[in-house]
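Worksheet: the structure to be examined is printed underneath.
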Amino acid sequence: MGIEQTREREQRWQDEWNKAKLFEAVPKEGTPKFFCTFPYPYVNGLPHIGHLFTMMRVEAFARYKRHRGFNVLFPQAWHATGSPITTAAMRVTEGDAKQIGILKENGVPDHEIPLFKDPEHWIAYFSPRYKQDVSAVGLSIDWRREFITTSLNPQYDAFIRWQFTTLHEKGLVQQGRHPVVWCPKESAPVSDHARSVGEGETPQEFTLLKFPLDGEIGTFLIAATLRPETVYGQTNLWVGKDIEYVKARVKGPHGQETWIISAACAEKLLMQERAVEVIGKVKGSELLGKRAMAPAVDRTVPVLPSHFCSPDKGTGIVTSVPSDAPDDWMGLHDLQQPGAAEKEGIPLNIVADIKPIAIIKSSDLGDMAAVRICEDMGIKSQHDRAKLDEAKKVVYKKGFYEGTMLVGPYAGEPVQQAKDKMKKDMLDSGKAETFYELTGKVVCRCQTQSVVKIVSDQWFVTYGDAEWKRKTHHALDGVTLYPEKSRQQFEYVIDWLNDWACTREYGLGTRLPWDERWLIESLSDSTAYMAYYTIVHSIKDIDPKLLDRRFFDYVLLGKGTAPNMPGVDVEALRAEFMYWYPVDFRNSGKDLVQNHLTFFLFNHCAIFPEEHWPKGIGVNGWVTVNGQKMSKSLGNVIPVRKLTEEYGADATRMTILNGGEGMDDPNWDSNFAGNLHGKFETLLRSCEDVTGNTEETSTPVDSWLRSSMASSVQHITDAMEQTNFRTAIQLAFFEINHALKWYVVRTAGKQNKKLLRECLEAQLVMLAPFIPHVCEEGWRKLGNDGFVSVAPWPAVDTSALDPALDRREAMVRQVADDIQRQLEKSAAPASVQLFLAADWKREAYAAFDEATKTTRNPAEIMKLLSATPLAAHGPELQRLVTFLVKGGRQPQDVPSAVQEREWLESAREYLESIAGKKVEILEAGAAESPKAQNGLPGKPAVVLQK
RNA sequence: GCGGGGAUAUCAAAGCGGUCAAAUGAGCCAGGCUUAGGACCUGGUGGCCUCGUGCCUUCGCAGGUUCGAAUCCUGCUCCCCGCACCA
């Protein structure tokens, strides 16, 4: 059977499911419910193997829960909020080759490309195709509930407005100051996607240090630094001789001041809510040799020339801390070379006396980190740029993370803590101010260089709120995590999370209800929408104006009274919400723990009563492909469509879930996927083999098979409950197959087909969450009606469980192996004799068992046994004890003599079929040969009789 | 650097103090079934031999605890996720 037929078969079953409305979730009073979700995908592309894994974890769990008798709600929707689609559409408009290439890769024909200039077309194009790909996998989603986000969907829009209004009224959305990357030409923030240079660059907070200029009251030299904790090591200031600085009148918190800064800096300050008025110019060279009062240390330092000051970076003036800044150390070093000061026009005596001051100590670099690193790296001058940049990074890291302050009010404290304290002290006393600078150059797509702008009207969700955090911790306590070991990460994130800027000026989304200039940002409008899933299918066509405050308050919170809405049974909506909520399982990749999944918890705590807080959260790793990390550059990002086309839905489903579990990165194994096809056919053939014959026969091995199945069911159920799907697959597919094979071999053609049928039936149900199409097919072959997809999960028959039977079969198998091995070495014996172990060995086992209750020390055990009559067996006993101590067979697992004989007798027929000879079972004493004495309890000696 | 998760045989991945040379699957090798088969079945797959109640070497590296460590402890190295205003 080829792949085409497989896909036809899969399609047929999917059609059947749809026809039967198998996955349409309808509340059923008295039936327990299970509500599971994964984050709706962003629709700027098609699903790939990474999405598949997250979806499949929910899918397998959803199907499992159906077998367990739960009424399952498994919905899916589409996310379009945010800027990527808008930006991409703009790029298409501009004719961007890269963007158009991406569309082509996604299967868009050339003539349709222009349509993608419209953001809405992206959604219209990708959402149905995404759905198509996902449907081909056979996901059991209730598609009646699909929807799209943003104002394009006025009903959803109304819901998000309600959510934010609710948060706002609780005081959890507040306005504040916020630095953004800004294009001065377009007067708009420049998102990552809208940059031609500088993706990933962000505003960074610098401290502006203010140096009162000697002899000019009210005038300050301003230096920007990222390391305010190093002020105690300041020895001088650096300026560029040829840089044109400006004198600017700046209104500071302590009145009018005159600042000397670069012209570019003055402009930047204007964007950062500072009143700045340029009143004059001053050249760098004019400042040389002057002195200014260094903040915090309160001593004057000279202004010296350097070649690394840039008017575009900071203020163009740099404070010099030669002990901890490699640039400064080399600048000083250069100036102290013979003749250098004179050449620069600086009196030698100013320069000669300057020495680095030890201020921070770290174990690796000592207390003169910059001096040390320059030596280590062989840096020769301030022009050795590449090396200096590297050195700066190292010194900064070591200093910040491992350093301890040596001087100042925080001497003895780690730099990490002292840094913020020093900064705050200087800010409070007016010796410093803050300033934002980009981490790197950013150029807007309009080719204008971007700057940092402080916006003061940004809205924040106040995740930093202590009370809210407390509540969320409490909510987390009530959440079952899959796997549980992700809990620590969640606890950490709840504490770490701070206020989140939740509005944007650009992109798609919902407008902030009380401040319509703003759009709600994409990570913020996806935090409580699971509630919307419960009612979406009933309100899709309602006039959105009716979906007001009162409506959602009543339906989702039970507040107030039901509004009267023509054609809508509001009470029924309320009932449906109450039936499905809370969310029982939400699954996502581990990268979303630090934002989305935690936001989800926070928002539920804020909006809903405790009974509706989330019950379960799943976290999974990142898919690797054939052992390699998935990436565009490796070209191994496999679209879901390609997988179903090549392997079929079932093989795809099973392979991806077999790839891994827990938070490990799962691996997609193409070989495994390719082999499954044949294995499925074998499974179906087995189903055919047991049909027709329902006559109850019985073999001695039946009880073992029953026990083995019961144990498998138990273990598989445990694994499923913990979303350990890989384990479940291994057990349900491979372990059960092994057991069935052994049963067939062991019964030598005389199987109890009724029992086999029962086992296969149970196996099909347990595999149905993973390979439902094959299982439906097998289910019918077994002669069953209805769908295996909703068949009850097999119960664990605890009465059938008997570990002794496993030991029996293990023994029989071992004996069979031993016989075969002996036969290989010997030509045509007349018969096979099995000699049971001598009685004293069994006694020794028992004595050993007894002895281990007091000690596990071999020497002591031997001593105890030597005190018994067993001592007569001398060296042989010693050998036995050594064997047992090393962990040979456990004495308690060994059968009694009577039992062992019984077991062997019952398996005699099988053993004879293996040997092709008569098999005799004898006592050790029945023969003289040394070989016959070799038997151990549970492991008879095999002797071939000529 | 910090928080979290990891490192097991050719590969993927179980194991988490003694039944561990280590489940299972893939790959590879040999054999069977077949007109043929990337199907299916059987066996093998760290090394050595006296083929066993055998010996040696192995579970990131180095130490330690223990009669006994892949499993526990300490230190180190490396990998993945995150360290945010972005989907």
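Computation of the quantities below employed the complete heavy-atom set of this structure, encompassing side-chain atoms and omitting hydrogens, waters and symmetry-equivalent molecules. Every chain is numbered from 1, with letters handed out A, B, ... down the list of sequences. The model shown is predicted, which means the values in this text are computed figures rather than measured ones.
- Classification of the W78(A)-Y130(A) ring pair by plane angle, with boundaries at 30° and 60°, yields perpendicular.
- Distances were taken from every side-chain heavy atom of M663(A) (C-beta onward) to each of C85(B), G4(B), U42(B); the shortest belongs to G4(B).
- Taking the six-membered ring where the residue is Trp, Y492(A) and W496(A) present parallel rings, their angle staying beneath 30° rather than reaching 60°.
- The partner of A30(B), taking Watson-Crick or G-U wobble pairs whose two distances both stay under 3.5 Å, is U42(B).
- Residues Y492(A) and D817(A) both approach RNA chain B. Their nearest nucleotides, taken by heavy-atom distance, put Y492(A) toward the 5′ side.
- Checking the phosphate oxygens (OP1, OP2) of G27(B), a side-chain nitrogen or oxygen of N675(A) falls inside 4.0 Å.
- The aromatic rings of H596(A) and F600(A) lie parallel to each other, their planes meeting at an angle below 30°, with 60° marking the opposite boundary.
- For D669(A), the listed nucleotide lying nearest its side chain is A26(B); candidates were C85(B), G3(B), A26(B).
- Taking atom P in both G75(B) and A23(B), one finds a spacing of 32 Å when rounded to whole Å.
- Of the nucleotides present, none pairs with A21(B) by Watson-Crick or G-U wobble criteria with both distances under 3.5 Å.
- The gap from the C1' atom of G47(B) to that of A9(B) amounts to 13 Å, rounded to the nearest Å.
- Of the listed nucleotides (C80(B), U24(B), G27(B)), C80(B) has the atom at the smallest distance from the side chain of K629(A).
- Annotation: C20(B) and U45(B) have their P atoms spaced 16 Å apart (nearest Å).
- Comparing G60(B) with U10(B), their P atoms sit 13 Å apart, to the nearest whole Å.
- Put simply, CG on L676(A) is 17 Å from P on G38(B), counting in whole angstrom units.
- For C2(B), the paired base is G82(B) (Watson-Crick or G-U wobble, both distances below 3.5 Å).
- The side chain of R726(A) sits closest to A12(B) out of A12(B), C40(B), G6(B).
- Closest to the side chain of Y42(A), from the set A87(B), G25(B), C85(B), is A87(B).
- Residue pairs meeting the side chain to side chain donor-acceptor pair (under 3.5 Å) criterion with at least one partner in residues 173-182 of chain A, sequence neighbours excluded, are R177(A)-E273(A).
- Using atom C1' as the reference point in both G44(B) and G82(B), the two lie 46 Å apart (nearest Å).
- Distance from the side chain of H178(A) is smallest to C85(B) among A26(B), C85(B), C86(B).
- Checking G25(B), U53(B), G5(B) against every side-chain atom of H738(A), the shortest atom distance belongs to G25(B).
- Looking at every heavy atom in both residues, Q763(A) comes nearest to L683(A) through OE1-CD1, 3.6 Å.
- In this entry the distance linking CG of N658(A) with C1' of A13(B) reads 9 Å, nearest Å.
- Residue Q594(A) has no polar side-chain atom (N or O) positioned under 4.0 Å from OP1 or OP2 of C83(B).
- D499(A) comes within 4.0 angstrom of a base, heavy atoms only.
- In the set A87(B), C80(B), G4(B), the nucleotide with an atom closest to the side chain of L592(A) is A87(B).
- Proximity of R685(A) to the phosphate of A39(B): no side-chain N or O atom is located under 4.0 Å from OP1 or OP2.
- Rounded to a whole Å, the CG atom of N620(A) is 15 Å from the C1' atom of G4(B).
- Residue K679(A) has a polar side-chain atom (N or O) positioned under 4.0 Å from OP1 or OP2 of A26(B).
- Look at CZ on F672(A): it is 11 Å from P on G27(B), rounded to the nearest Å.
- Between F848(A) atom CZ and U19(B) atom C1' there is a gap of 11 Å when expressed in whole angstrom units.
- Rounded to the nearest Å, the gap between the P atom of C61(B) and that of A70(B) is 12 Å.
- Contacts of N934(A) with the nucleic acid, taken as non-hydrogen atoms under 4.0 Å apart, include base atoms.
- Relative orientation of the Y463(A) and F599(A) rings is parallel, given thresholds of 30° and 60° on the angle between their planes.
- Across the interface with RNA chain B, nearest-nucleotide mapping of N667(A) and K841(A) shows N667(A) to be the residue nearer the 5′ end.
- Ring geometry for Y529(A) versus Y40(A): interplanar angle under 30°, hence parallel rather than tilted (30 to 60°).
- Both distances falling under 3.5 Å, in either a Watson-Crick or a G-U wobble arrangement, occur for no nucleotide opposite C59(B).
- Using a 4.0 Å cut-off between a side-chain N of Lys or Arg and a carboxylate O of Asp or Glu, E688(A) and R685(A) do not qualify as a salt bridge.
- Atom P of nucleotide G82(B) and atom CG of N595(A) are separated by 10 Å, given to the nearest angstrom.
- A13(B) and C81(B) are spaced 15 Å apart, taking the P atom of each and rounding to whole Å.
- When each of C83(B), C86(B), G4(B) is scored by its nearest atom to the side-chain atoms of W500(A), the top-ranked nucleotide is C86(B).
- Within the structure, every side-chain polar atom (N or O) of S83(A) is placed at least 4.0 Å from both OP1 and OP2 of C86(B).
- Partner assigned to A7(B) is U77(B), using Watson-Crick or G-U wobble distances below 3.5 angstrom.
- Among the nucleotides G82(B), G6(B), C86(B), the one closest to any side-chain atom of K485(A) is G6(B).
- Distance check on atom P: A21(B) versus G37(B) gives 40 Å, rounded to whole Å.
- The side chain of K590(A) places no N or O atom within less than 4.0 Å of a non-bridging phosphate oxygen (OP1 or OP2) of G4(B).
- Atom CG in L865(A) sits roughly 19 Å away from atom P in C67(B) (whole-Å rounding).
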